[in-house]
Amino acid sequence: DHGDELGEHGQFGHGIMPYESIVHVPCIVRTPNDISNHVVSEQISLVDLYPTLIDYDNDNELIGITEGDLQGSSFARALNGKSVSGSEYVYVDGKTYDAKEQYRAVRSEKWKLIDVNQPETNVNTLFQLAVTVLRSGKLFDILCHPRYYYNRHRSSESSYLFDIVSDSTEEQNLIEQNTETAAELRSKIQQWIRSCESHRETLGVEAEDIKIDESAEKRLKKLGYLSE
């Protein structure tokens, strides 16, 4: 699912920037086979899970989809105690919980790039922040979590590059010192976006609005999955 920030970057919870503490979570699998414990150190992603289940099931005709129709790669070999190659790059796409910013990120074994799309309505001063909070009805929330909102709106940076080998807590933004690396990783994100669009076209999947009842909407807002 996801992790949570516990103050590492002055913030708590999830639905914020995709730091490792939020998006790097363990994948624990138990199979019917009686095999010894096996740890996979290579990168895998959530999109690898479905191809793995198909590969491990060995009966793809039941659902009419083959691994080649999907993004991601099977790590079923690891379930039998064998080595896997893992993914050279893994990706994240989402919005902060209050939908103020959209982010896309890509991670290799060494580098992690986060691009943040900040809309024009994003505030950068405490005065503007107060006006925004009053208009959105979040006054009580900011009084309860002032440090979060201060950190949330003070930064005007839109791109972050971290060396996650030497800086595992993602404290040092190296975007200005490594522009070529950032450009290469950004091109990987664009390739991934095109791949997503191609898969949707191949599978005939179209985006559609989903209607939910008032009770479900209230529950989702309470959990932070919908903004006011």
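This is a predicted model, so every value here is computed, not measured.
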Side chains of [X] and [Y]: do they bring a donor and an acceptor to under 3.5 Å?
| X | Y | result |
| --- | --- | --- |
| Gln71 | Ser195 | yes |
| Asp55 | Thr52 | no |
| Arg219 | Ser215 | yes |

Can you tell me if [atom1] on [X] sees more than 12 non-hydrogen neighbours from other groups inside 6.0 Å?
| X | atom1 | result |
| --- | --- | --- |
| Lys82 | NZ | no |
| Gln172 | CD | no |
| Leu46 | CG | no |
| Gln191 | CD | yes |

Test side chain to side chain contact (heavy atoms under 4.5 Å, CB included) applied to Val106 and Ser108, step by step: CA-CA 7 Å; Val106 57; Ser108 67; over 6 Å; no

Residues Lys188, Glu184: salt bridge by 4.0 Å N-O rule: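 Not counted as a salt bridge, because no side-chain N and carboxylate O are separated by less than 4.0 Å.
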
Side chain to side chain contact (heavy atoms under 4.5 Å, CB included) between Ile189 and Tyr89, intermediate numbers included: CA-CA 9 Å; Ile189 292 178; Tyr89 301 98; over 6 Å; no

Any side-chain heavy atom of [X] within less than 4.5 Å of one from [Y]?
| X | Y | value |
| --- | --- | --- |
| Leu161 | Leu185 | yes |
| Lys112 | Val23 | yes |
| Ile54 | Tyr50 | yes |

If you measure from [atom1] on [X] to [atom2] on [Y], what distance do you get to the nearest 0.5 Å?
| X | Y | atom1 | atom2 | answer |
| --- | --- | --- | --- | --- |
| Ile44 | Ser85 | CD1 | OG | 11.5 Å |
| Leu174 | Tyr160 | CG | OH | 13.0 Å |
| Glu88 | Glu109 | CD | CD | 9.0 Å |
| Ile164 | Thr169 | CD1 | OG1 | 11.5 Å |
| Asp93 | Ile193 | CG | CD1 | 7.0 Å |
| Phe162 | Ile175 | CZ | CD1 | 9.5 Å |

Which pair of heavy atoms, one from [X] and one from [Y], lies closest together, and at what distance?
| X | Y | result |
| --- | --- | --- |
| Asp48 | Ser87 | OD2-OG, 3.5 Å |
| Ser45 | Val90 | CB-CG1, 3.7 Å |
| Ser83 | Arg77 | O-NE, 3.1 Å |
| Val40 | Ala78 | CG2-CB, 3.5 Å |
| Ser74 | Pro51 | CB-O, 3.8 Å |
| Ile114 | Ala105 | CG1-CB, 4.0 Å |

Side-chain (Asn178) to main-chain (Thr181) donor-acceptor, under 3.5 angstrom: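 A pair under 3.5 Å: no.
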
Donor-acceptor under 3.5 Å (Asp163 side chain, Asp167 main chain):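 Not confirmed, Asp163 side chain does not pair with Asp167 backbone.
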
Those residues that, when tested against Gln43, pass side chain to side chain donor-acceptor pair (under 3.5 Å) (two or more places apart): Arg107

Sequence-distant partners of Arg186, side chain to side chain donor-acceptor pair (under 3.5 Å), two or more places apart: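 Partners of Arg186 by the side chain to side chain donor-acceptor pair (under 3.5 Å) criterion, ordered by chain and then number, come out as Asp115, Ser159.
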
Geometric class of the Tyr91/Trp192 ring pair [parallel <30°, tilted 30-60°, perpendicular >60°]: parallel

